[in-house]
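What follows is a short report on a single structure.
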Protein chains: 2
Amino acid sequence: MRKREGNKEKDILDAAVKVFADSGYHRSKVTSIAEAAGVATGSVYLYYPNKESILLKIFDRLWTDFTHTLQETVKRSDYDPVQKLDLVIDHLFNIFVANPALAVVFVNEQQYLINNKKGNIGKHYENFLDLAEEIIHEGVKKKIFNPDVDVKLYRHFITGGIRSVLFYWAQSTPSSSLDRVRLNVKLFLRNGLLL
Amino acid sequence: MRKREGNKEKDILDAAVKVFADSGYHRSKVTSIAEAAGVATGSVYLYYPNKESILLKIFDRLWTDFTHTLQETVKRSDYDPVQKLDLVIDHLFNIFVANPALAVVFVNEQQYLINNKKGNIGKHYENFLDLAEEIIHEGVKKKIFNPDVDVKLYRHFITGGIRSVLFYWAQSTPSSSLDRVRLNVKLFLRNGLLL
DNA sequence: TTGCTATATGAATCAATATTCAATAATACA
DNA sequence: TGTATTATTGAATATTGATTCATATAGCAA
């Protein structure tokens, strides 16, 4: 029996993130991914049944991680809702600062996967939003947040806004201050524009 | 000479909006667009040089309109910055309430066009953002808005958030209360989450 | 009515690229 | 060392769908 050389499955996944970030999923050729991963074209199909499954794997891992963290956060009784939102935002930002290309892929392809009900990304996302909603409800209940906001709308607004500033950041000079972005997002959420 | 029957150019554009909204640009076949427009496949190429130019035309018209309105709004001295933002939001929402499919296409394909520097959509968008920035700057100057916000970030956050709630709305039961969405967006922008 | 030209058609062509698979290489174990 | 087994390769194949083009049709003028 022959042993597998290195970890091609991971190499391919990492390479795919880079290639997808550069060219977008649809424009990315499987051959380019293979090349970037340092394997032959055919080898990709040894580890993934098709091109789409690579993208799905990337998102599945990401959302599983997000949801897990959010779940832990919602539970905590030692934090108030504002602190909980901060915690969640910190986690998201930490992931993406460690891997800007991942941020780009996330921003660009998320909608496509949801629209076309690919894999269980939609489920993951709904799950995540529901958990986020819990925090907001808690805030309203504790009279910290404005009860007039439509919570379902707000959670969409937040995620859309975050996606957008992440994209802006990821496109700009490498690793410019993500902390500035992070701080501002927290500010937007709490206080909006007014003094 | 033979006269053109009806307005195929417009029929094709309108059909394309529907088809793109349903399947996304990349999955949409030119043949499907032709079918939806009630013309032959080849006729599409009588009016548009290729598939992409149809998408570009849709966006070009949209952004030209947006920018024009925003330009008019920025000028007005009879409104304060909060009212100006309201006016802009009203305009965006009015366009999309009249054509939900257009909202879907806008949300889904905008990023792709910008990423790949297609047509002059990026220019249009930058232009729009710059104008929006003027309103925010005015607000800060007049001590109505919080001077701590990073204006460039905020304009991205706003547009991303709006895009996201529009999408949510466009996907939900046809023409559910867009006014509720509109009202909430204004609320988010001004006050954020806190009481 | 006839010929002319612009418009319209849709099957055939072409290009791009995802996927397959026959051939080759590397390792384990006898 | 030789052989079996699995991993790897990348050129060939298959598929999909954008674009073309030879043909048909409709209106207009003479």
Side-chain angles (χ1 to χ4, degrees), chain A residues 1-60 105 108-109 112-113 115-119, chain B residues 1-60 105 108-109 112-113 115-119:
Chain A
M1 203 198 348
R2 180 182 175 189
K3 208 193 294 175
R4 292 190 168 187
E5 303 161 6
N7 188 347
K8 290 203 175 33
E9 183 176 341
K10 185 179 182 312
D11 291 347
I12 292 167
L13 205 68
D14 291 346
V17 170
K18 288 200 189 77
V19 175
F20 289 160
D22 276 354
S23 324
Y25 173 73
H26 287 285
R27 319 222 130 209
S28 299
K29 297 173 214 169
V30 174
T31 296
S32 307
I33 297 172
E35 192 182 4
V39 303
T41 305
S43 296
V44 172
Y45 289 86
L46 251 39
Y47 297 92
Y48 300 91
N50 51 45
K51 179 181 166 186
E52 189 170 273
S53 69
I54 306 175
L55 185 64
L56 285 174
K57 180 73 160 206
I58 294 169
F59 271 80
D60 190 65
V105 176
N108 288 332
E109 315 302 340
Y112 158 74
L113 293 176
N115 289 353
N116 299 282
K117 309 203 197 313
K118 298 294 183 187
Chain B
M1 200 190 0
R2 182 182 173 188
K3 210 192 290 176
R4 292 189 170 188
E5 304 162 6
N7 189 345
K8 290 203 175 32
E9 183 176 341
K10 185 178 182 313
D11 291 347
I12 292 168
L13 205 69
D14 291 345
V17 170
K18 289 203 188 76
V19 174
F20 289 161
D22 276 354
S23 325
Y25 172 73
H26 286 286
R27 318 224 129 206
S28 299
K29 299 172 211 166
V30 173
T31 297
S32 308
I33 297 171
E35 192 182 4
V39 303
T41 304
S43 295
V44 172
Y45 289 86
L46 249 40
Y47 296 93
Y48 300 92
N50 52 45
K51 179 181 166 185
E52 189 171 274
S53 69
I54 306 174
L55 186 64
L56 285 174
K57 179 75 161 207
I58 294 169
F59 272 80
D60 190 65
V105 176
N108 288 332
E109 315 304 340
Y112 159 75
L113 292 176
N115 289 352
N116 299 281
K117 308 200 199 313
K118 297 296 183 185

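The chains referred to below are lettered A, B, ... by the order of the sequence lines, with proteins before strands, and numbering in each begins at 1.
Computed from coordinates, the B:Asp11 CG to C:dA8 P distance equals 10 Å when rounded to whole Å. The CD atom of B:Glu35 sits 17 Å away from the C1' atom of C:dA8 (whole-angstrom rounding). Taking atom CD of residue B:Glu9 and atom C1' of nucleotide C:dT7, one finds them 14 Å apart after rounding to whole Å. Between B:Tyr48 atom OH and D:dA18 atom P there is a gap of 16 Å when expressed in whole angstrom units.
At the heavy-atom level, B:Val44 lies nowhere under 4.0 Å from the strands shown.
Pairs passing the salt bridge (charged side-chain N to carboxylate O under 4.0 Å, His left out) check and including a residue from residues 37-56 of chain A, sequence neighbours excluded, read A:Glu52-A:Lys118.
Under 4.0 angstrom from either OP1 or OP2 of C:dA8 there lies at least one side-chain N or O belonging to B:Tyr47. A sub-4.0 Å separation between OP1 or OP2 of D:dT8 and a side-chain N or O of A:Lys8 is present.
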Per-nucleotide protein contact string for nucleotides 15-22 of chain C (B base, S sugar-phosphate only, - none; heavy atom under 4.0 Å): --SSBB--
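For the helix from C:dT1-D:dA30 to C:dA30-D:dT1, the angle separating the two terminal helix axes comes to 10°, with each axis derived from five pairs and the value rounded to 10°.
Once rounded to the nearest 0.5 Å, the distance linking OG of A:Ser23 with CG of A:Asn108 reads 11.0 Å. Between the OG atom of B:Ser53 and the OH atom of B:Tyr45 there is a distance of 8.5 Å, given to the nearest 0.5 Å.
The backbone N or O of B:Tyr25 lies less than 3.5 Å from a partner atom in the side chain of B:Glu109, making a donor-acceptor pair.
Remark: B:Asp22 pairs with no residue by the side chain to side chain donor-acceptor pair (under 3.5 Å) rule, at least two apart or across chains. For A:Asp14, the side-chain contact (heavy atoms from CB on, under 4.5 Å) criterion is met by A:Lys10, not counting sequence neighbours. Remark: B:Lys18 engages no residue in a side-chain contact (heavy atoms from CB on, under 4.5 Å) (not counting sequence neighbours).
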Compile the donor-acceptor pairs under 3.5 Å between side chains in residues 27-37 of chain B and protein atoms, sequence neighbours left out, one pair per line.
unit_1	atom_1	unit_2	atom_2	d
B:Arg27	NH2	A:Tyr112	OH	2.8
B:Ser28	OG	B:Val19	O	3.4
B:Ser28	OG	B:Gly24	O	2.7

